[in-house]
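First the structure, in the form of structure tokens, and then the observations on it.
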2 protein chains.
Amino acid sequence: MTYRIGELSKEIGVSEHTLRYYEKEGLVVPERGENNIRRYTEHNKLWVEFIIHMKETGMSLEDLKNYTQLWESGEEGTAEMIEILTNHREKVKKQLDTFRKNLELLNKKIDFYQNSLKENKSANLYKTFVDKKKNDEKL
Amino acid sequence: MTYRIGELSKEIGVSEHTLRYYEKEGLVVPERGENNIRRYTEHNKLWVEFIIHMKETGMSLEDLKNYTQLWESGEEGTAEMIEILTNHREKVKKQLDTFRKNLELLNKKIDFYQNSLKENKSANLYKTFVDKKKNDEKL
DNA sequence: CCTTGACTTGGAGTAAACTCTAAGTAGTAA
DNA sequence: TTACTACTTAGAGTTTACTCCAAGTCAAGG
């Protein structure tokens with residue numbers, strides 16, 4: 001079973017424009033059927049999905065282009081594929097850490113501002129700009 | 001104590017170009033001293049660092065510009081600041097999830113290819129392109 | 001005095017990843 | 001038949017976030 005560009009686009013939530021762009025870049029090149037119409041196979045679909053997952057964690061299309069070529073080369077590219085993947089894994093691990101830390105920071109900031117709102121309402125105090133500034137900087 | 005642009009740049013690892021760009025965008029506007037030279041205060045420094053942290057988790061400069069303006073408005077902007085922060089927190093949580101999932105995927109892929117390399121070496125088998133394709137698609 | 005180095009400006013240029021346009025063809029539904 | 005929709009192409013345009021350039025000012029060290 002194959003997909004037309006419009007079908008695949010809807011199935012996976014990637015615009016037709018983008019799919020054509022990926023084809024131009026050599027990332028996912030579907031076969032062509034009658035009337036020169038693109039026919040995406042199940043494998044093509046899985047490959048696009050893989051690309052999306054890698055992009056979600058910040059892999060560049062450049063790297064993905066590279067990786068795709070290695071994949072297409074068969075056995076010989078395997079070692080280099082592993083290298084790309086492990087390099088990326090390290091990047092993902094670091095980013096996970098960054099995200100965790102920044103989630104903490106966000107929690108603190110949000111707490112701080114929610115409290116400063118509450119205090120202002122209940123005590124009807126005017127919390128000056130300067131105070132706010134000072135407290136905010138501690139976060 | 002204040003910093004010149006070059007000093008701040010070195011301290012926080014952001015290029016002078018970028019600092020000037022942030023100023024142009026109204027994100028961090030330092031005072032000027034003698035000879036019209038930028039003087040970044042401790043607060044300016046903290047603000048740039050905050051910007052960097054938010055950018056690390058994908059907040060756009062547009063949102064940060066907005067946020068900065070609200071901060072400068074004093075009390076009145078607080079509710080909207082909280083909104084920006086909580087919206088972003090949700091995004092960060094989702095991204096954390098995405099990253100975790102994709103780390104799992106990477107682990108599987110790497111395992112798969114490392115095993116296929118090992119098998120080929122020890123058994124001296126030719127693992128065909130087609131086989132590889134099939135197994136890879138399962139991931 | 002001269003060079004070096006840090007600073008200033010406005011504005012142009014760049015990279016990545018789309019995103020869209022124009023002009024056209026081909027198949028289907030009423 | 002006519003309208004509608006999906007598809008085709010090459011190539012231009014857009015967005016974000018820088019990044020750099022040219023031309024100039026200014027203070028300190030040798």
Side-chain angles (χ1 to χ4, degrees), chain A residues 1-41 44-45 47-68 84 88 91 95 98, chain B residues 1-41 44-45 47-68 84 88 91 95 98:
Chain A
M1 193 257 191
T2 58
Y3 308 85
R4 286 186 156 208
I5 194 165
E7 289 163 356
L8 186 63
S9 167
K10 264 171 216 152
E11 284 241 3
I12 63 181
V14 167
S15 80
E16 300 183 19
H17 288 309
T18 301
L19 288 172
R20 288 195 201 97
Y21 171 67
Y22 285 174
E23 181 177 350
K24 194 155 55 180
E25 296 294 308
L27 285 164
V28 189
V29 182
E31 316 251 287
R32 298 301 181 108
E34 286 266 309
N35 302 113
N36 200 28
I37 286 177
R38 291 171 180 82
R39 299 246 136 246
Y40 289 90
T41 63
N44 289 148
K45 184 184 168 192
W47 199 258
V48 181
E49 283 170 340
F50 172 65
I51 285 169
I52 292 163
H53 288 313
M54 292 303 101
K55 270 179 47 53
E56 279 170 351
T57 42
M59 189 182 272
S60 68
L61 291 193
E62 196 55 35
D63 279 1
L64 283 164
K65 213 185 291 188
N66 215 315
Y67 184 83
T68 303
I84 291 175
H88 189 59
K91 261 176 50 189
Q95 286 188 85
T98 304
Chain B
M1 192 256 191
T2 57
Y3 308 84
R4 285 185 157 208
I5 193 165
E7 289 163 356
L8 186 63
S9 167
K10 264 170 215 153
E11 285 240 3
I12 62 180
V14 168
S15 80
E16 299 183 21
H17 288 309
T18 302
L19 288 171
R20 289 196 201 95
Y21 171 67
Y22 285 175
E23 181 177 351
K24 196 157 52 181
E25 295 296 306
L27 286 164
V28 189
V29 182
E31 316 251 285
R32 300 300 182 106
E34 284 269 308
N35 302 113
N36 202 27
I37 286 179
R38 289 172 181 83
R39 300 247 134 244
Y40 288 91
T41 64
N44 289 149
K45 184 183 167 191
W47 199 258
V48 181
E49 284 170 339
F50 172 65
I51 285 169
I52 291 163
H53 287 313
M54 291 303 102
K55 270 178 45 55
E56 280 170 350
T57 41
M59 189 182 272
S60 68
L61 292 193
E62 195 56 36
D63 278 3
L64 283 164
K65 211 185 292 186
N66 215 314
Y67 184 85
T68 303
I84 291 175
H88 188 60
K91 259 177 51 187
Q95 286 189 85
T98 303

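As the structure is a prediction and not an experimental result, all values here were calculated from the model. Naming convention: chains lettered A, B, ... in sequence-line order (proteins, then strands); numbering from 1 in each chain.
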Original post:
With sugar-phosphate meaning primed atoms plus P, OP1 and OP2, does B:R39 contact a base, only sugar-phosphate, or nothing at under 4.0 Å between heavy atoms?
Top reply: nothing
Listing time: all N or O pairs from protein to nucleotides 23-25 of chain C that are below 3.5 Å?
none

Original post:
Are A:K24 and D:dT9 close enough that a side-chain N or O sits under 4.0 Å from OP1 or OP2?
Top reply: no
Original post:
Just to confirm, is there a sub-4.0 Å distance from OP1 or OP2 of D:dT16 to any side-chain nitrogen or oxygen of B:Y21?
Top reply: no
Original post:
Quick one: is D:dC21 close enough that its OP1 or OP2 comes under 4.0 Å of any side-chain N or O from B:R20?
Top reply: no
Subject >> Integer-rounded Å distance: D:dA22 C1' and B:H17 NE2 >> reply: 13 Å
Subject >> Distance, rounded to the nearest Å, where A:E16 contributes CD and C:dT21 contributes C1' >> reply: 15 Å
Original post:
Rounding to a whole Å, what distance do you find between B:E25:CD and C:dG10:P?
Top reply: 13 Å
Original post:
Has A:K65 got a side-chain N or O lying under 4.0 Å from the OP1 or OP2 atom of C:dA16?
Top reply: no
Original post:
Hey, which of these two, B:S60 or A:E23, hits DNA chain D nearer its 5' end, going by closest nucleotide?
Top reply: A:E23
Original post:
Does B:N35 make a side-chain N or O approach to OP1 or OP2 of C:dT8 shorter than 4.0 Å?
Top reply: no
Subject >> Residue pairs, two or more places apart or on separate chains, that pass salt bridge (Lys or Arg N to Asp or Glu O under 4.0 Å) and touch residues 56-66 of chain A >> reply: A:E25-A:K65, A:E62-A:K65
Subject >> Net bend of the helix from C:dC1-D:dG30 to C:dA30-D:dT1, end axes of five pairs each, nearest 10 degrees >> reply: 10°
